[in-house]
Amino acid sequence: MEVWSGCLSNFVLPSRNTEMKLDKQRSRHTTEREFGGTLGATCIPVLLPLTVLYLLSVCRSPGASLLQWPPPLPPTSQLWDPVAPMLLLGWLALQSFLYMLPVGKVAEGMVLRDGSRLKYPINGFHSFCISAILLGLTLWLGMPLGYLFELLFPLAVCSMGMSFLLSLYLYLRSFWAPYQALSLGGNTGNPLYDFFMGRELNPRIGRFDLKYFCELRPGLMGWVVINLAMLMKEVELRGSPSFAMLLVNVFQLLYVMDALWNEEAVLTTMDIVHDGFGFMLVFGDMAWVPFTYSLQAIFLVIHPQSLSAIGGIAIIALNGMGYYIFRRSNSQKNQFRRDPTHPSVAGLETIATATGKRLLVSGWWGLVRHPNYLGDLLMATAWSLPCGVSHLLPYFYIIYFTVLLIHREARDEKQCRRKYGLAWDTYCRRVPYRIIPYIY
Ligand SMILES: NC(=O)C1=CN([C@@H]2O[C@H](COP(=O)(O)OP(=O)(O)OC[C@H]3O[C@@H](n4cnc5c(N)ncnc54)[C@H](OP(=O)(O)O)[C@@H]3O)[C@@H](O)[C@H]2O)C=CC1
Ligand SMILES: CC(C)CCC[C@@H](C)[C@H]1CC=C2C3=C(CC[C@@]21C)[C@@]1(C)CC[C@H](O)C(C)(C)[C@@H]1CC3
């Protein structure tokens, strides 16, 4: 369809009206399915919450074995605590308030199908700093942050419940959205699949962009708050934080701060540009990230590890190397997309595409087709190693992340081939490896 309409616009110049009709047809006839189609979209929303509860139970059990029969879930009294929804709603209200503050610059997103561009506040890092000050103040006033360890199950249950409610709201409101506002991928007419993938591309309440807000703020910042709470719990139990816990906290804090510092770059990611806002992203942002990305810190509370200075230095070096590759490659592409004449990228070799955009074939993007994924995977390894090698559970993140990135790479590849046609094939021939040089 894309190729067909691309060719069309090369030969005739359709009026705005014709274009809109074509687009309407296109958005009504999306047939391509991802994530295992309807079956995947039916099973994943059931399996994901069970996985979160399973991982939390296993992580807190003495054996912490991923291969063990699931330990019994805690009694209902431990799954529910009225403090949890209050904390969660308070956190969401605070982050929403900070999002709306008129601080920082306003950036424009990518061009939408109707030719318009949405405006986004770039104040994530400000929000992070204000949240950190407020958290510091409450700690100083004696708030027992380590108590979050006891509240993990109720908080996860509330976040998951809220993800379902938000996804349902998003699905229902999408029927009032103009067809141009729908994502091409989540609009098949199958309710289960569309609920999962998300029908609307950029759902907004006034100027509050729900997807952009959820992608970087409550869940991502919630993750570092949970990590810090696990560190405080460790201090409560053992008098001081362990070297392993400090490393996990610092590495992941750096990752989150980096994402917020480079907030504008999120506007060009697949999630914002291409994917609708449905259950997959809502659950990923609000429940999966805070409660599974923090597994290493949770694990260390129950399973303390001793880490030698040499081991620590090697892990720091690995994280540094991963971060360097991740940041430099992401920045190189963002700079190139924003201003290809900038001196830092102007000298790089590129190939032309029929769309007018060029593809980098030297520098980081000449090494492998996703150097940023390579850096991310190296960091993921450095986050797990402080937990020792006696358990598989702290390595869950690497396993999940490898699967996610391989699948994401395949999705991106499909989209790029559709967008760039022959030029993409030329790029793949010039840069044959996807993520790991000479291996994959
Ligand atoms: N921690 C986590 O859970 C997750 C982290 N991530 C991280 O998010 C970051 C963003 O990832 P993601 O959005 O998947 O994809 P990328 O940032 O890799 O962007 C892919 C896009 O880049 C452009 N591109 C690809 N090759 C070239 C080239 N040679 N020259 C110029 N442009 C090119 C294409 O878009 P176009 O040409 O249209 O500009 C393509 O669609 C990554 O660092 C990833 O590791 C991602 C998922 C989960
Ligand atoms: C629940 C499912 C199994 C999978 C859901 C996937 C989501 C958790 C991820 C999809 C893309 C993401 C990104 C980040 C976090 C995880 C999710 C939401 C990201 C915000 C992490 C920080 C990075 O610096 C980034 C580049 C900004 C990431 C963007 C993509």
Side-chain angles (χ1 to χ4, degrees), residues 35 40 44-45 47-49 51-52 110 124 160 163 196 211-212 214-217 219-221 223 252 254-275 279-293 322-323 325-327 329-338 340 345 348-351 353 355-380 383 397 400-401 403-405 407-420 423-424 426-428 430-431 434-435:
F35 294 92
I44 298 174
L47 291 179
L48 283 182
T51 308
V52 172
M110 296 292 101
M160 294 193 286
S163 303
F196 177 73
K211 182 166 67 169
Y212 175 68
C214 290
E215 181 89 354
L216 278 188
R217 292 159 192 245
L220 212 59
M221 291 192 218
W223 168 24
Q252 299 185 348
L254 172 77
Y255 188 71
V256 170
M257 284 173 68
D258 172 90
L260 294 162
W261 182 260
N262 296 288
E263 191 176 17
E264 202 172 335
V266 168
L267 298 178
T268 57
T269 58
M270 196 192 284
D271 313 67
I272 300 289
V273 176
H274 177 266
D275 293 340
F279 179 81
M280 182 191 60
L281 269 184
V282 173
F283 190 89
D285 291 337
M286 311 294 274
W288 188 258
V289 167
F291 296 99
T292 68
Y293 285 29
Y323 178 70
I325 300 175
F326 167 83
R327 178 55 23 236
S329 55
N330 271 325
S331 299
Q332 189 171 71
K333 177 168 64 74
N334 290 333
Q335 186 59 60
F336 181 70
R337 279 285 171 255
R338 245 183 288 135
V345 289
L348 294 172
E349 197 189 339
T350 60
I351 49 175
T353 75
T355 63
K357 270 184 173 180
R358 303 185 75 86
L359 289 168
L360 288 164
V361 284
S362 66
W364 289 106
W365 297 80
L367 182 69
V368 283
R369 299 208 290 272
H370 275 285
N372 46 357
Y373 290 4
L374 173 67
D376 226 337
L377 282 168
L378 292 178
M379 282 191 282
W383 300 350
Y397 179 71
Y400 138 80
F401 200 43
V403 175
L404 178 106
L405 291 183
H407 179 240
R408 203 169 162 93
E409 195 277 334
R411 290 179 76 209
D412 189 52
E413 176 116 359
K414 221 186 231 174
Q415 284 166 31
C416 286
R417 181 155 288 117
R418 211 183 282 155
K419 251 187 302 188
Y420 301 127
W424 186 257
T426 310
Y427 175 52
C428 293
R430 284 286 303 268
V431 186
R434 296 174 156 96
I435 303 178

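Order of listing sets the numbers, starting from 1, for every ligand and every atom in it. Worth saying up front: this structure is predicted, and the values here are computed from it rather than measured. Heavy atoms only: backbone and side chains are in, while hydrogens, waters and symmetry mates are out.
Counting heavy atoms closer than 4.0 Å to ligand 1, residue Trp364 contributes nothing at all. The part of Leu48 lying near ligand 2 is the side chain, judged by heavy-atom distances below 4.0 Å. With a heavy-atom cut-off of 4.0 Å, Ile44 does not touch ligand 2 at all. Under 4.0 Å from ligand 2, not a single heavy atom of Met286 appears. At a heavy-atom distance under 4.0 Å, no atom of Gln415 approaches ligand 1. When heavy-atom distances to ligand 1 are checked against a 4.0 Å cut-off, Leu359 comes that close through both its backbone and its side chain. Neither the backbone nor the side chain of Asn330 comes within contact range of ligand 2; no heavy atom lies under 4.0 Å.
The Tyr293 neighbourhood of ligand 1 comprises atoms 2 (C), 3 (O), with distances under 4.0 Å to a heavy atom of that residue. Listed by atom number, the atoms of ligand 1 under 4.0 Å from Thr269 heavy atoms are 13 (O). With ligand atoms numbered from 1 in the order given, ligand 2 contributes 18 (C) to contacts under 4.0 Å with heavy atoms of Asp285. Near Tyr427, meaning under 4.0 Å from one of its heavy atoms, ligand 1 places the atoms 29 (N). Here is the list of ligand 1 atoms found below 4.0 Å of a heavy atom in Tyr420: 36 (P), 37 (O), 38 (O). Ligand-side atoms of ligand 2 in range of Gly284: 1 (C), 5 (C), 8 (C), range being under 4.0 angstrom from any heavy atom. Interface atoms of ligand 2 facing Phe326, defined by a heavy-atom separation under 4.0 Å, are 24 (O). Interface of Phe326 with ligand 1, defined as ligand atoms under 4.0 Å from a residue heavy atom, comprises 43 (O). Residue-ligand proximity, Val266 to ligand 2, at heavy-atom distances under 4.0 Å covers atoms 27 (C). Interface of Val289 with ligand 2, defined as ligand atoms under 4.0 Å from a residue heavy atom, comprises 8 (C), 16 (C). In summary, the atoms of ligand 1 found under 4.0 Å from a heavy atom of Tyr255, numbered by their order in the structure, are 1 (N), 2 (C), 5 (C).
In terms of N/O distances under 3.5 Å, ligand 1 is not approached by Asp271. In terms of polar-atom proximity, defined here as any N/O pair under 3.5 Å, Phe401 makes no such contact with ligand 1. Checking only distances, Asn330 does come within under 3.5 Å of ligand 1, N or O to N or O. For the pair Lys357 and ligand 1, the shortest N or O to N or O distance falls below 3.5 Å. For ligand 1, one of its N or O atoms has an N or O atom of Asp376 under 3.5 Å away. Taking only nitrogen or oxygen atoms, main chain and side chain alike, Arg358 does not reach within less than 3.5 Å of ligand 1.
Of all protein heavy atoms, the one closest to atom 34 (C) of ligand 1 is Cys416 SG, 4.0 Å. Protein heavy atom at the shortest distance from atom 29 (N) of ligand 1 is Leu360 O, 2.9 Å. The closest protein non-hydrogen atom to atom 25 (C) of ligand 2 is Ala259 CB, 4.7 Å. Of all protein heavy atoms, the one lying nearest to atom 20 (C) of ligand 1 is Asp412 OD2, 3.4 Å. Of all protein heavy atoms, the one closest to atom 33 (C) of ligand 1 is Lys333 CD, 3.6 Å. Counting protein heavy atoms only, atom 26 (N) of ligand 1 is closest to Trp365 CE3, 3.8 Å.
There is a protein heavy atom closer than 4.0 angstrom to atom 22 (C) of ligand 2. By the definition of a contact as any protein heavy atom under 4.0 Å away, atom 28 (C) of ligand 2 is not in contact. For atom 18 (C) of ligand 2, the nearest protein heavy atom lies under 4.0 Å away. For atom 9 (C) of ligand 2, the nearest protein heavy atom is 4.0 Å or more away.
Using modelled atom types, one finds no donor on one side chain facing an acceptor on the other under 3.5 Å when comparing Gln415 with Tyr420. No side-chain donor-acceptor contact under 3.5 Å links Asn334 and Asn330.
Counting only distance, with no hydrogens or angles, the side chain of Trp223 and the backbone of Tyr293 share a donor-acceptor pair below 3.5 Å. A distance-only check finds a donor-acceptor pair linking the side chain of Gln332 to the backbone of Trp364 [under 3.5 Å]. Ser362 contributes no side-chain N or O that, together with a main-chain N or O of Gly366, makes up a donor-acceptor pair within less than 3.5 Å. Thr292 places no side-chain N or O within donor-acceptor distance of the main-chain N or O of Val289, the cut-off being under 3.5 Å. Remark: side-chain polar atoms of Arg434 are not paired, donor with acceptor, to backbone N or O of Val368 under 3.5 angstrom. Side chain of Glu349 to main chain of Val361: no donor-acceptor pair is present (N/O by atom type, distance under 3.5 Å, no hydrogens or angles).
By heavy-atom distance, the residue among Asn372, Leu404, Ile272, Leu374 lying nearest atom 9 (C) of ligand 1 is Asn372. For atom 32 (N) of ligand 1, the nearest non-hydrogen atom from the set Lys419, His370, Arg337, Met270 comes from Arg337.
Between the CD1 atom of Ile272 and the OG1 atom of Thr268 there is a distance of 9.5 Å, given to the nearest 0.5 Å.
Ligand 1 is approached by Tyr397 to a heavy-atom distance shorter than 4.0 Å. Remark: distances from the non-hydrogen atoms of Met270 to ligand 2 are all 4.0 Å or more.
Taking the six-membered ring where the residue is Trp, Phe401 and Tyr397 present parallel rings, their angle staying beneath 30° rather than reaching 60°. The aromatic rings of Trp365 and His370 sit perpendicular, their planes meeting at an angle over 60°, well past the 30° parallel limit.
For the pair Asp271 and Arg408, the salt-bridge criterion is met [side-chain N within less than 4.0 Å of a carboxylate O].
With contacts defined as side-chain heavy-atom distances shorter than 4.5 Å, the pair Lys357/Arg337 qualifies. With a 4.5 Å cut-off on side-chain heavy atoms, Tyr255 and Trp383 count as touching.
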